[in-house]
Structure formats: C-alpha cells, structure tokens
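Structure, as structure tokens:
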Amino acid sequence: MIGTGIPLTGNDIDTDRIIPARFLKCVTFDGLGEQVFADDRAALEGAHPLDQPQYQGATILVVNRNFGCGSSREHAPQAIARWGIKALLGESFAEIFFGNCVAIGIPCLTATSAVVGQVQAALAADPALALTLDLASQTVQFGAETAAVTMPEGVRQAFLAGTWDACGQLVANAEAIRATAAKLPYVAW
C-alpha cells in the first residue's frame with residue numbers, strides 16, 4: 001500500500017476517543033467517518049491532525065502505543081475506514097481493535113517506538129511524503145528511509161492471499177459448506 005499519512009501522537013488512545021459513545025446509536029456505519037475523533041477535534045478547534053488541510057486525503061494513520069484500547073466497539077475501525085484510512089502503522093494495537101480492523105480489511109502493522117517516531121516526524125515535516133507499507137517484505141518506506149514492520153504471520157498471509165474476509169470466504173465456499181453439512185448426522189435430526 002502506498003499513501004500519505006497522518007501522524008497521530010499519543011499512547012492509549014481508546015475507542016471512545018476514536019468514536020464517542022453517542023454515535024453508536026446508528027443502524028449502519030454510514031456517516032461515522034465525519035464523527036471520528038469528534039470530541040478531540042472539537043476540543044482542539046481545528047488543530048487536530050484530521051482537521052489540518054495538509055493531511056486531507058491521507059490513507060495511512062501513524063499512531064503510538066496501545067491504540068484502540070478500551071471498549072470493543074467495532075464502530076471505531078469503521079469510523080476510521082469511513083474517514084478514508086486504509087492502513088495503520090503503530091507501536092501496538094489493542095487486540096480486539098486489531099481484530100475488528102482485520103475483519104474489515106484494514107491492516108495494522110507494528111514497528112518499534114523509534115521507527116514510529118521517525119515516520120511521525122517525517123510526516124510532520126513533509127505531509128505530502130509518500131509512505132509505502134509492504135506486507136511481503138514487512139517494511140515501511142518513507143522518503144529515503146526503509147524500516148522493519150511486523151504483523152502476526154497468519155494475518156499477514158491472509159492479507160497477502162486476499163483471504164482476510166471471513167464472511168467472504170464462507171460465501172465463496174457455500175457449496176462445499178452445504179455438502180459438509182449434509183454429511184453431519186446432527187444436522188439431519
């Protein structure tokens with residue numbers, strides 16, 4: 001994936017900050033993108049990175065440690081995705097947040113604190129800087145720099161093979177599932 005990035009600094013950014021609870025009443029996820037980081041953005045009166053013109057259109061969010069902690073709301077990655085983010089690079093991600101991102105096709109790659117800090121500083125200095133996240137080689141390239149990134153191997157392979165979508169896999173294999181189900185004695189009871 002190649003795209004520009006947004007440096008969002010701070011540890012332990014929880015899902016309530018990503019999408020405040022008052023926006024969870026929706027029946028669909030439509031419109032959540034406009035509300036991503038709503039309270040943080042309002043408090044910073046235009047100074048939040050998502051509100052700054054130089055980061056508009058960016059597709060990679062670069063975060064610090066324990067991003068997405070707190071409640072397990074799937075609305076958080078949905079809001080991020082609907083804002084336009086296609087991938088995340090960070091020091092670490094909360095486990096359920098990570099799983100919710102994978103479920104909708106958003107890869108979350110990790111790097112050391114030093115690497116994340118370098119990428120954030122490079123984006124602050126040059127918001128138009130292209131980032132290349134390469135799952136095959138497990139690297140991030142930014143400017144003339146290349147650094148290591150990681151992702152759990154099973155998830156990485158699923159993204160590389162295009163099989164990260166569990167529901168899509170079920171639909172694609174519906175006939176084989178029906179055939180197996182028909183052979184199970186307890187299904188015919």
**Request:** Give the ring-plane orientation class for F67 versus F93, where under 30° counts as parallel, over 60° as perpendicular and anything between as tilted.
**Result:** perpendicular
**Message:** When you compare the side chain of L88 with that of L109, does any pair of heavy atoms fall below 4.5 Å?
**Reply:** no
**Prompt:** Does the side chain of F97 come within less than 4.5 Å of R73's, by heavy atoms?
**Reply:** no
**Asked** What is the minimum heavy-atom distance between G68 and T15, and which atoms define it?
**Response** O-CG2, 3.4 Å
**Item:** Donor-acceptor pair between N66 and D12 side chains, under 3.5 angstrom
**Value:** yes
Please table the atom pairs, donor to acceptor, closer than 3.5 Å between any side-chain atom in residues 137-149 and protein atoms at least two apart or in another chain.
residue	atom	partner	partner atom	Å
S137	OG	D134	OD2	3.2
S137	OG	T139	OG1	2.8

**Asked** Between T112 and V115, is there a donor-acceptor pair closer than 3.5 Å when you use the side chain of the first and the backbone of the second?
**Response** yes
**Asked** If you take all heavy atoms of Q78 and L32, which pair is closest and at what distance?
**Response** CB-CD1, 4.4 Å
**Asked** Can you find a side-chain donor-acceptor pair between S92 and T110 that sits under 3.5 Å?
**Response** no
**Message:** Could you tell me if the side chain of L89 sits less than 4.5 Å from the side chain of V119, heavy atoms only?
**Reply:** yes
**Request:** Check the surroundings of atom CD1 in I96: do more than 12 heavy atoms from other residues, nucleotides or ligands lie under 6.0 Å from it?
**Result:** no
**Asked** Between I104 and A81, what is the shortest heavy-atom contact and its length?
**Response** CD1-CB, 4.1 Å
**Message:** Could you measure the distance from the CZ atom of F159 to the CE atom of M1? Nearest 0.5 Å is fine.
**Reply:** 10.0 Å
**Prompt:** Which pairs pass salt bridge (charged side-chain N to carboxylate O under 4.0 Å, His left out) with one or both residues in residues 75-98, sequence neighbours excluded?
**Reply:** D30-R82
**Message:** For a 4.5 angstrom cut-off between non-hydrogen side-chain atoms, does V102 reach I106?
**Reply:** no
**Prompt:** Quick one: does R41's side chain have a donor or acceptor within less than 3.5 Å of a partner on L50's backbone?
**Reply:** no
**Request:** Using modelled atom types only, decide if a donor and an acceptor are shared between the side chain of N64 and the backbone of G10 within a distance under 3.5 Å.
**Result:** yes
**Message:** Between H75 and F23 (judged by ring centroids, cut-off 6.0 Å), do the two rings come close enough to count as a pair?
**Reply:** no
**Request:** Carefully, step by step, assess I85 and T59 under the rule side-chain contact (heavy atoms from CB on, under 4.5 Å).
**Result:** CA-CA 4 Å; I85 297 300; T59 57; 5.6 Å; no
**Asked** Are L123 and L131 close enough, and set up right, to give a side-chain contact (heavy atoms from CB on, under 4.5 Å), and what steps lead you there?
**Response** CA-CA 9 Å; L123 290 171; L131 302 180; 4.0 Å; yes
**Message:** Before you tell me yes or no, could you show the steps for V62 and L8 under side-chain contact (heavy atoms from CB on, under 4.5 Å), namely the whole-Å CA-CA distance, both residues' side-chain angles and the distance that decides it to 0.1 Å?
**Reply:** CA-CA 6 Å; V62 183; L8 182 62; over 6 Å; no
**Asked** Can you check whether D51 reaches F37 side chain to side chain, under 4.5 Å on heavy atoms?
**Response** no
**Where I2 and A130 come nearest, the two heavy atoms and their spacing** = CG2-CB, 4.4 Å
**R22/D39 under salt bridge (charged side-chain N to carboxylate O under 4.0 Å, His left out): CA gap, chis, key distance, verdict** = CA-CA 11 Å; R22 67 184 174 279; D39 293 343; 2.5 Å; yes
